[in-house]
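All remarks here apply to the structure that follows.
No experiment lies behind these values; they were computed from the predicted model shown. Each chain gets a letter, A, B and so on, in the order its sequence line appears, and its residues count up from 1.
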Amino acid sequence: MLFNSYPFILLFLPVVLGGYFWLGRRSSLAPVIWLALASLAFYAIGSWQFVALLLLSIAFNYGVGHLLVVAKLRPSQRKAALALGVAGDLLVLGILKYAGFATENINALFGTHFAVHILLPVGISFYTFTQIAFLVDAYRGQVAAYGLPHYALFVTYFPHLIAGPILHHKDMIPQFEREESKHPDAHLILCGLIIFAIGLFKKTCLADGIQPLVALAFEARSPSFDQAWLGALAYTFQLYFDFSGYSDMAIGISLMFGIFLPVNFNSPYKATSIVEFWRRWHMTLSQFLRDYLYIPLGGNRHGRVLRYVNLLITMLLGGLWHGAAWTFVIWGALHGAYLCINHAFNASVPSVPPLLARPVRAAGALLTFLAVVVAWVFFRAESVAWALRVLHAMADPTNIVFGREEIAALVLVAIYAALVWLAPNTQQIMGYDHGNRRVGEALRAGRMRPLILYGASLVLAFGILGIQSHSEFIYFRF
Amino acid sequence: MRGTFTSVNRLLLASIACVLGAAALTYAVDPLQLFRPSRLAFYSDDTRVQNAGLIRSQSFDTAFMGTSLAIHFRQSDIDRALGVHSLKLAMTGSNSRQQAFVLEQAIDRGARRVIWEMDDFIFVDAADIETDPYLSVDLYRGTAKGIASYLFSTAMAKESLFAVLRSVPPLRRPLARATPYLPVKFALADVDDIHALPRNFDVARSYNAAKTLASFAYITAPSRSRFLGEGYGYDAMVRHFEQDAVGLITRHPDVTFDIYFPPYSILQFVAMRDASPETLKIVTDLTAIIAQRLTQFPNVRLHDFRAIKAVTHDLNNYGDVIHHSPVVDAMVLNWLGSGEYRVDGKKPTASLDELKAQVEAYRLQK
């Protein structure tokens, strides 16, 4: 089921909200079970064939987690339990997500003709990573004993289940246990509604609005210089508004239930370096990769060379996490290389004099953005050859069309660029503070309240009017 | 923490009011001319949507259908060459199911003659029209769902708002001039300009032998040659032809169908000959069946332009191996008018046999 669909907005969400608060007046556990069942129903409506897999995954990880948290195991047994849990998760993910890719490469290498056709279960990357983090923390002794309903809700919680953000049990389960969140809070519902409206508008009007321009570069056999750039920039902005729209919607929906989700975006294209970019883009994935991959690999504790190797490995795997294709591997490798260069630059170049700080930051922002755009070409292209064709066109200014269509596209791209660089982001507009569980304090007290209310109603209306019957989120594929 | 729900209610009610307001605006302006024709209307290159409005708002006696090979024709040229009052409905990348559906709507609205550019690949993929995500049957049929999807749409509200701005006297001229360069869908002031190439278009730059040969090299490269026959299956294609083309023709015996096989460059067939001979066989077998079947209908005139050597062997006429230049568009209209290349019902595969011989004999000059 899509957040940007009439059945979700007009039926599913009101019914689940109503049921949650109605049950919240009677019991503490019933709303949790209700929300977990609703989340399963949400998943089943679009992907019924994978519900059993999701349930099995929850049961398996809860069982292993129980061994690590409650059972009195010896250290070696605990290590074995963790290895079993993580290996089990990775094995399932590996088979379902990468078997086809591995077979393709074996066929290409050895001229064999094996065929593997496995449908990728929606959201598997997200719920697998969520649970791996849980197991590792359980092993480290950082997990309290949880009831199965709370754990099941933590994994399946529908605002995040399909495309994130990647949740952390320490953040979520205490919120599910809180009594207060089971009673309707008009302020949180209002703020949730406004954040949802902004996210919906980003998705249906902005991301879907610029999507046709992407074809200029990625569906043309031989795009010109301007077409390749416009198509690549269109994709750069489409992905931004698509994913940040989804993340806003997830936060907004969750807020209506009184639950604060982590922020996943913080105006990433405003970053002045690639290191900063990764602190602002898909933040929960970056945190996961840092805490559960980069640091266990050794992080920066074993010298500069190994640090770069660890960065490259982390980003390569981060690329592969997005999809089983060489284009994603190259995308990850590119970002790994960018990060290494960035760290090497920071280590070898002395700090900039204050007078030059501003222009250097501006140059850094431009360079970072261009590097990100180049990497997105691999992320979007059907194949490496196709990506190289687009990049080749982007590097060949002798072939320019700049006709009616291209000029119109340029106007649209310029509007999007202005929105990305000049407009405040959703958490700034709404004063969303995930850590302190605060939102909309200015709205509560401000004189601008009617203006914000009616502005939000317009945004919500256009978000709803922008709903199209076929408009999945890009991150559903991961 | 608990507060009243007044603000929530106010926000929701205001949103509902905005939604209804946007729908009312779209209804009043009617950018697609679904409810009423308009003198001030602008048109869109998005033909799958635009055609639904054109069929309702334009007057015509002839419908012109086809794929990207027929997209650049101008209605005024068709009218002049053939002495008809035409409506161009060609849709890039369309399949036979979509084409037959749109033609059916045009016939129901008064088309007595159909000119149909028929590619073999339109029969490759013909998904169920009722669930086709690329063509809204409800919009064409004017059902409640179709009308609602039109009225309750941000894209249409944006177009309507822009149309309103364009009608304000001081803004009219500058905006009308700027519109083709702005990111709005309904940007063409003249229905004749839908997908037509600009009058000052540099034909030689876009259509020349170098481009055609580059395209040939591209599609026949070993890594891509398998795409030449992707989806081609003889039985399914014949089935789609029978259902879509024959079905439509049979249902409308009072309508005259001028159907033509477009003049691809010879390299299209040579590419198949060299890189995918099984695809070439499917194409020739299929078009033989089409020729045999269509020439039996009294209301069909079939024209085959594929073996006109002077055109198909001159690679300067093409932008790739199949798309011909507007110079050839004009020739096509003349041939349709003169009936020079009409397929004889007694020898329905004569031109196909000639084409096969040409393909067999053709040697690419290195």
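- In this structure, the portion of A157(B) lying under 4.5 Å from any heavy atom of chain A is its side chain and not its backbone.
- Salt-bridge check for D193(B) with R74(B): passed, with a basic side-chain N closer than 4.0 Å to an acidic carboxylate O.
- Proximity to chain A is limited to the side chain of D45(B), based on heavy atoms less than 4.5 angstrom apart.
- With a 4.5 angstrom heavy-atom cutoff, L190(A) touches chain B via backbone and side-chain atoms both.
- Under the 3.5 Å distance criterion, the side-chain polar atoms of T154(B) are matched with a main-chain donor or acceptor of G466(A).
- The existence of a salt bridge linking E130(B) and K145(B) is excluded, since no basic side-chain nitrogen approaches an acidic carboxylate oxygen closer than 4.0 Å.
- Annotation: side chain of P184(A) is in contact with side chain of F5(B) (closest heavy-atom distance under 4.5 Å).
- The candidate with the highest count of non-hydrogen atom pairs below 4.5 Å against chain A, out of V19(B), L11(B), L12(B), is L11(B).
- Looking only at heavy-atom pairs under 4.5 Å with chain B, the residue among R449(A), Q468(A), E405(A) that has the most is R449(A).
- In this structure the side chain of P180(B) never reaches within 4.5 angstrom of the side chain of L188(B), judged on heavy atoms.
- We find that D208(A) and K203(A) are joined by a salt bridge, their nearest charged nitrogen and carboxylate oxygen being less than 4.0 Å apart.
- Both the backbone and the side chain of F462(A) come within contact range of chain B, judged by heavy atoms closer than 4.5 Å.
- Heavy atoms closer than 4.5 Å to chain B are found in the side chain of Y6(A), but not in its backbone.
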